[in-house]
Every structure is written in structure tokens, then in C-alpha cells.
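Here's the structure, in C-alpha cells; my notes come after.
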Amino acid sequence: INIKSHFVIDEEINIDYENFYLFGSLTIKGSVSDGANLKIDGDLYIEKDVEDSTIYCTGNIKVFGNILNCKQEGITAEGDIIFNNAENSRLACGGKISFEKNVHFCKLMAEKGVYGDEENSSIVGGVIQSGEHIEAAIIGNASMMNTEAEISISPFTKEKMLQLTKQIMKMREYEKTDTTEFLKMTEQLQELEDKLEYEINRALRNDDMVPKHILAFKKIFPGVYIRILKKSLNITESLERVSYSIVNNQ
């Protein structure tokens, strides 16, 4: 019997939590750092920073501080991810990514959009992939830092398919593979493939009423590469208060 509840840890989380699993929501009063590896079956609230750690959450993740140097698997949530700043990190979610200030040199993948604060946010360097809109006050910088902003179909679903396929291929290499686990993962992959096919067909039918857009509330700089589905554009001059979307296939 599992009783799902909300737990609180009133201390710093570090390498001592390198294989930590919790069935329930969790609030961490301190920071998470130094190789911590957390799996939370619920929502996660972190009141300070996250650095050099791996987190997977079936619900939402809210970081009141910054996300720093969380590479490789990085931060993954089936729901939304909310934070202040992120740098040199990988973030992926099945919902929205929302941030207050800066996203620098990160890889972001969000099924339902990436949204920065209208006044204070900036995206510089890295790759931003969204299934819906991408919005920030500033995209790129005066140094013409290479920055990619892309709207595609279900980037989070495709990323999960890629990771699951890698796991299945590894299992096939070993003679003593757990058959039950192998079949479970194969079924999960099929479910993801069906979901992606549905989203592709939905896009082809133009079921979305609002065109997906990439929006810079204040400024976008040269060096930014944007892509919306099959259309792409290199930004060659600084522009203020600009939005890009596809209308009539252009």
C-alpha cells in the first residue's frame, strides 16, 4: 500500500542522494547539488538553486532559485518547469517552461511552450525547442551568439522516444535481459509513437486555431536562427518588438 503525501526536507541535497526515489510531492528547503539524482512521483519545489544534478518528476517542478550545469539527463518533468535563471543545462517537460530572467547556453524542450518574463527575460545561446510558442523579452545578444529557437511537433515526446529506444537497444545486447521490463518498455515506446502520430495528423489538419509564434517582446539580435515547422530564417539585423509565425504557409 502506498499513501501519497507531501514531504519536506529541511537541508541541502547532494551526492548522498544519488539514488533517491519518493512516492509523493516534495519541498526541499535548501539547494540541490553535487551529483544528486532524484526521482519524484509527484510535484517538486526547490527553494534554492539546483546545480550539477539529475531530476525526474512525474508532476511539476518549481525552482525558486537558479538551475546551473545540469547537463546530460538534466531536469525532466512530465508537467511544467518553472525557474528563475538557467545556465549550461538540459531541461525537458511535457508541459510549459516558464522563467523570470535568463536562459543561457541551455537545451530546452517543452511540449506546450517556452515563456520568459515580458520585461526581464533573455535567451542567449543553446537550443530551444517548443511544441507551441516561444516568448522572451530578448532573444540573442549584441555579440551575435548562435541561438536556435525552434517550434516543432511534440519535441518532448520525440525526446522520450529517443531515450527509450536507446534503453531498449542496450537491453538487447545482454543475454540476461528482464523480459517483463523489456516488454513494458516496448509497450511504452508504442504508446509514444501513437501519440506522436496523432499530433502530426493534428498539425496537418490545422486543428490549432492560433498560429504558433516566436516572440521577442523587446529585441531579437543577429545570430539567431528560428524555425517554425518547415520554415526557417536567419536573423541578420536587430529588430525590436517582433513576432514570427506561419500564415498561409509563409
Side-chain angles (χ1 to χ4, degrees), residues 67 74-77 79-160 162 196 199-200 202-250:
I67 299 175
I75 312 298
T76 304
D80 299 336
I81 300 178
I82 302 169
F83 57 92
N84 192 27
N85 296 289
E87 185 173 318
N88 294 320
S89 297
R90 175 192 178 276
L91 288 79
C93 75
K96 301 176 183 178
I97 290 179
S98 304
F99 60 100
E100 288 291 325
K101 295 183 180 178
N102 305 313
V103 169
H104 289 177
F105 313 110
C106 293
K107 182 171 184 180
L108 269 56
M109 292 163 284
E111 206 83 338
K112 297 183 179 180
V114 176
Y115 301 95
D117 180 79
E118 187 173 338
E119 291 293 327
N120 303 311
S121 64
S122 70
I123 296 173
V124 179
V127 178
I128 312 300
Q129 296 177 329
S130 169
E132 294 190 9
H133 311 304
I134 297 174
E135 300 179 356
I138 297 172
I139 303 177
N141 65 3
S143 299
M144 299 180 63
M145 183 66 62
N146 290 334
T147 305
E148 296 184 25
E150 177 184 4
I151 294 176
S152 62
I153 299 172
S154 300
F156 182 64
T157 299
K158 288 186 283 191
E159 178 68 13
K160 289 174 69 176
L162 177 62
L196 180 60
E199 291 298 333
I200 291 172
R202 181 169 173 264
L204 291 174
R205 293 193 305 266
N206 294 318
D207 286 351
D208 294 326
M209 298 299 292
V210 180
K212 294 177 172 63
H213 62 248
I214 297 174
L215 169 62
F217 290 106
K218 291 186 176 180
K219 200 166 190 176
I220 190 168
F221 287 91
V224 174
Y225 169 83
I226 66 173
R227 184 177 181 87
I228 303 177
L229 301 178
K230 294 182 178 180
K231 302 293 183 179
S232 61
L233 179 68
N234 286 302
I235 306 302
T236 57
E237 60 178 334
S238 298
L239 298 169
E240 296 183 358
R241 298 185 61 83
V242 62
S243 177
Y244 300 90
S245 60
I246 292 180
V247 179
N248 296 327
N249 203 35
Q250 295 295 327

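Basis for what follows: all heavy atoms, side chains included, without hydrogens, waters or symmetry-related copies.
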Mind checking whether [X] and [Y] have side chains closer than 4.5 Å, heavy atoms only?
{"X": "Phe83", "Y": "Leu91", "result": "yes"}
{"X": "Ile226", "Y": "Ile134", "result": "no"}
{"X": "Pro155", "Y": "Glu150", "result": "no"}
{"X": "Gln129", "Y": "Glu148", "result": "no"}
{"X": "Thr76", "Y": "Arg90", "result": "yes"}

Please name all residues satisfying side chain to side chain donor-acceptor pair (under 3.5 Å) with Glu111, sequence neighbours left out, ordered by chain then number.
->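 Expected list: Ser154, Thr157.
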
Of all the heavy-atom pairs spanning [X] and [Y], show the shortest one and how long it is.
{"X": "Ile246", "Y": "Lys231", "answer": "CD1-CG, 3.6 Å"}
{"X": "Asn141", "Y": "Val124", "answer": "ND2-CG1, 3.5 Å"}
{"X": "Ile228", "Y": "Lys212", "answer": "CD1-O, 4.2 Å"}
{"X": "Ala136", "Y": "Ser121", "answer": "CA-OG, 3.4 Å"}
{"X": "Gly113", "Y": "Ser130", "answer": "CA-OG, 3.2 Å"}
{"X": "His213", "Y": "Glu135", "answer": "NE2-OE2, 2.7 Å"}

May I have the step-by-step check of side chain to side chain contact (heavy atoms under 4.5 Å, CB included) for Ile139 and Ile214, ending in yes or no?
-> CA-CA 10 Å; Ile139 303 177; Ile214 297 174; 4.0 Å; yes

Does Lys158 use its side chain to pair, donor to acceptor, with the backbone of Ile153 at less than 3.5 Å?
->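 The answer is yes, because a donor-acceptor pair under 3.5 Å joins these two groups.
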
Pair Glu119 + Lys218, salt bridge at N-O below 4.0 Å |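 So Glu119 pairs with Lys218 through a salt bridge.
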
Please report, to 0.1 Å, the donor-acceptor pairs under 3.5 Å made by any side chain of residues 232-245, with sequence neighbours excluded.
| unit_1 | atom_1 | unit_2 | atom_2 | d |
| --- | --- | --- | --- | --- |
| Arg241 | NH1 | Phe217 | O | 3.3 |

Just verifying a value: how many Å separate [X] [atom1] and [Y] [atom2], rounded to the nearest 0.5 Å?
{"X": "Ile138", "Y": "Ile220", "atom1": "CD1", "atom2": "CD1", "answer": "11.0 Å"}
{"X": "Phe99", "Y": "Asn120", "atom1": "CZ", "atom2": "CG", "answer": "11.0 Å"}
{"X": "Ile81", "Y": "Ile75", "atom1": "CD1", "atom2": "CD1", "answer": "7.0 Å"}

Fit a plane to each ring of His133 and Tyr115, take the angle between them on a 0 to 90° scale, and name the class: parallel (under 30°), tilted (30 to 60°) or perpendicular (over 60°).
->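 The rings of His133 and Tyr115 stand perpendicular, inter-plane angle above 60°.
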
Give every donor-acceptor pair under 3.5 Å between a side-chain atom in residues 100-107 and any protein atom, sequence neighbours left out.
| unit_1 | atom_1 | unit_2 | atom_2 | d |
| --- | --- | --- | --- | --- |
| Asn102 | OD1 | Ser122 | OG | 2.7 |
| Asn102 | ND2 | Asn85 | OD1 | 3.3 |
| His104 | NE2 | Ser122 | OG | 3.3 |

